Student: 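Here's a structure for you.
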Amino acid sequence: MRIELENITKNFGNFRALDSVSITVQHGELLALLGPSGCGKTTLLRTIAGLEFPDSGVIRFDGVDVRELSARERNVGFVFQHYALFRHMTIFDNVAFGLKVRRGKERLSKKEIRERVMELLSLVQLANLETRYPHELSGGQRQRVALARALAVQPRVLLLDEPFGALDAQVRKELRRWLRRLHDEIHITSVFVTHDQEEALEVADRVAILNKGKVEQIGTPDEVYRHPKTAFVLQFMGNVNLFHGRLEGVKGLGYVRPHEIEIDAIQKFPTDFAATVEEVHPLGRFTRVTLLDDKTGQLVEAEISYETGKALGLTAGMKVYYRVQNVQTFDGDYVI
Amino acid sequence: MMSNPRNRYLQDPLWLRLFFLGFTIVIVFLLFVLPLAEIFSQAFRKGVEFYFEALRDPVTLASVRLTLLAAAFAVPLNLIFGIAAAYAIAKFNFRGKSILVALIDLPFAVSPVISGLIFVLLFGLQGLFGPTLQSAGLKIIFAVPGIILATIFVTFPFIARELIPLMEEQGKSEEEAALLLGASPFRMFWHVTLPNIRWGLLYGVILCNARAMGEFGAVSVVSGHIRGETTTLPLHVEILYNEYNFTAAFAVASLLALLALVTLVVKTLIELHTHLASRRVM
Amino acid sequence: MLVVILPLGTLLAKGFASGWQEFSHHAFSPRVLSSLKLSFSTAAAAALFSMPAGFAIAWVLARYDFFGKRLLDTLIDLPFALPTAVAGIALTAICAENGVVGSLFARLGIRIAYTPLGITVALIFIGLPFVVRSLQPVLEDFEQEVEEAALSLGASRWQTIWYVVLPSVLPALFSGTIMAFSRALGEYGSVIFIAGNIPFKTEVAPLIIATKLEQHDVAGATAVATLVLTASFTLLILLNYLQERQKKG
């Protein structure tokens, strides 16, 4: 299903949570809403779900205006950050809940419900745990139950609010790969909220970056990472060094990512900058080097391959030269 | 949530809200407001003059004194005990801790009449220590000491109960820090422990005091109802009422009702205060 | 410790000191049995009323915003602060046939004061706050997300309350009700005035204990007390079990 959001604005008292947001989610797409906390991403997700109602703007599901429909009527699957499982029900009853509360001709027989629930539990790889209670499961398992429960009602959209936010790093990584594979399998239009750019880049088909209630950029992971449209996006997508009008052909601010800085023991080009090594941190595959620019006294962060670092024999206090391989610029200075 | 009318789907339907709210108001009015109003209207039925005359009666004044005396024993003793017990339970582990916790609650679980009976069994003429006391010429049951003991017993749990969860929540890291910084145990208690629990303490004290002054069943059993000697205020109310001296009974009762109202107001103020404080922390 | 253990030990020792024969003679006389029956049935009736009523009040206090809510919230604690004897005479005055409420019911041919109904009213007064106060914090802490989850899965408001919220707060509702029931069993001050204390009709068990003591029948009083106490302790154990479960859940 295709979701269109048009000029969605939402205020909480004096606080503008969403400021004229327009996004279109294509059929079968997995879209990430990415941004720092308080940027409005969760509010936007809840607005799609019908858990919040915008002050102005239009929401269309497949071209149909759903503004007046409640969460109950929109047929969306919502996965909450803290799972929100029904703690007094077994895993089976949790997943079956949405089917059991149906009334009238939509109601399935007991047998059909059982089949559907077991099918979903095996889809989320929890087939043998149906008689357990939520508190007997691990965080990752609970999140998968929450997902199965949301999918049970065959929603038109799947919405996930920081789905991996409460999990530890290892489980988090496993689960997000699993979510990606699951999406490839069932192809349901999905939107998920995250504050972790790595997660957004790895899982999503497209990423929408929000800041202060506004959309900064929407694009594929590659687009937003390689061609950020605003300084905010650039900085949010990873560490960056700022150069004030010192780079060739660049007026005003130039942004350079740490891995786009090259270090050498000797000066190869006249544009190379002289610097002193402040700190060297080998971090596995690459080595992080902090340089102190001799002329400006600015700290510059560089990431070079472990081998290069070793070959140069970098130590603190060493005199080196560095050069910039790629610069990003934006019209007008953007201050965060 | 209420302020946003568009978020209506998470609210109860109007009929349900009106039903619940209406029901609550009716029950609270019938069960709580009406009796309170009744006490005061009955107390003043024969006019203001009669009211104050009833209060000035020497027997009434004697029961006021006895009630204050009982509370003056019960509250400080239970204060000391409550702090000690809560401190021990919250900050240390020892054998029989869970039994101690259960025992503290016991006076709540036992009928007040049975609490009184227990003291009769201990100190009455046929009681465990009865003969010993009699030969020593001491009288506890049907005398003031019995009333004080019974009052202490029934108000035993109030302060400890209030403090235990509070102290457990705070843990002992602050106290340990104070000791490591060289504070003496007394200074540590005075400057670290006490300020942390002062609101809970006050809360416990006013509840303890309300019960101490208002206790009826336990005190009734051990009192012997000797007018002006072993009658506390609630017992005095009973005597006046049973003598069909209703207006005087309600006049004396109005004093206790006032005490209850003051207790509720102070309690609410503490709740408001600590609630705001906890919100600030968040 | 001494203050608590010694008296209770004495009570149990005394209760059975003169043997089972003597004990059952006192404890199972028709008048005692009828008072126990009355105490249990009125306490049960009051608890059965307080359970749904307490739920409704706790729901209102936890969920709704309205003018005067703070006052209402404070008033719920009145029975904790008002001496039982005072509550007793006030309720009697209201429920008597010439009282504000009593006269209304008298027209319908229903007497409240000096009947088991009156006893039940007093016990509701005493017990209701226990139900409200044990339920209210649980309802306040109930995560909104869980209700939203039910909503997004297609449940109506009613289904959400019935299948999701209510089962989650059931342990708290039960423990509040048991507390109310247990307190009602032993209640004395607020009951004796409205009861009228007619033997075999409106004489509650705690009153029998007090009366026997007034007649210096310590053995008889102790026997009845042992029965009431056993019931209270059984309830206490049940309560502890429920509260443990609540913590775990």
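This one's a predicted model, so the numbers in the text were calculated from it and none came from an experiment. Here is the naming used below: chain letters follow the sequence lines, and residue numbers restart at 1 for every chain.
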Student: Could you label the plane-to-plane angle of the Tyr133(A) and His135(A) rings as parallel, tilted or perpendicular, counting under 30° as parallel and over 60° as perpendicular?
Tutor: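 Taking His135(A) first and then Tyr133(A), their aromatic rings lie parallel (interplane angle under 30°).
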Student: Which region of Ala152(A), side chain (C-beta onward) or backbone (N, CA, C, O), has a non-hydrogen atom less than 4.5 Å from a non-hydrogen atom of chain C, or is it both or neither?
Tutor: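 For Ala152(A), neither part sits under 4.5 Å from chain C.
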Student: If you count heavy-atom pairs within less than 4.5 Å of chain C, which of Ala146(A), Gly98(A), Gly77(A) leads?
Tutor: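 Looking at each option in turn, the highest pair count goes to Gly98(A).
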Student: Given heavy-atom pairs under 4.5 angstrom as the criterion, report whether the side chain, backbone, both or neither of Ser156(C) touches chain A.
Tutor: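 Contact with chain A involves both backbone and side-chain atoms of Ser156(C).
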Student: Please look at Leu85(A) and chain C and tell me whether the side chain, the backbone, both or neither of the residue comes under 4.5 angstrom of a heavy atom of that chain.
Tutor: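 For Leu85(A), backbone heavy atoms alone lie under 4.5 Å from chain C.
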Student: Report the relative orientation of the aromatic rings in Phe80(A) and Phe78(A); use parallel for angles under 30°, tilted for 30 to 60°, perpendicular for over 60°.
Tutor: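 Phe80(A) and Phe78(A): tilted rings.
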Student: Would you call the rings of Phe181(C) and Phe40(C) parallel, tilted or perpendicular if under 30° counts as parallel and over 60° as perpendicular?
Tutor: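 Phe181(C) and Phe40(C): tilted rings.
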Student: Does Glu29(A) come within less than 4.0 Å of Arg2(A), counting only side-chain N to carboxylate O?
Tutor: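 Not counted as a salt bridge, because no side-chain N and carboxylate O are separated by less than 4.0 Å.
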Student: Classify the angle between the aromatic ring planes of Tyr163(C) and Phe97(A) as parallel (below 30°), tilted (30 to 60°) or perpendicular (above 60°).
Tutor: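 Answer is perpendicular, since the angle exceeds 60°.
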Student: Does any heavy atom of chain C fall under 4.5 Å from the side chain of Arg149(A), the backbone, both, or neither of them?
Tutor: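 Both backbone and side chain.
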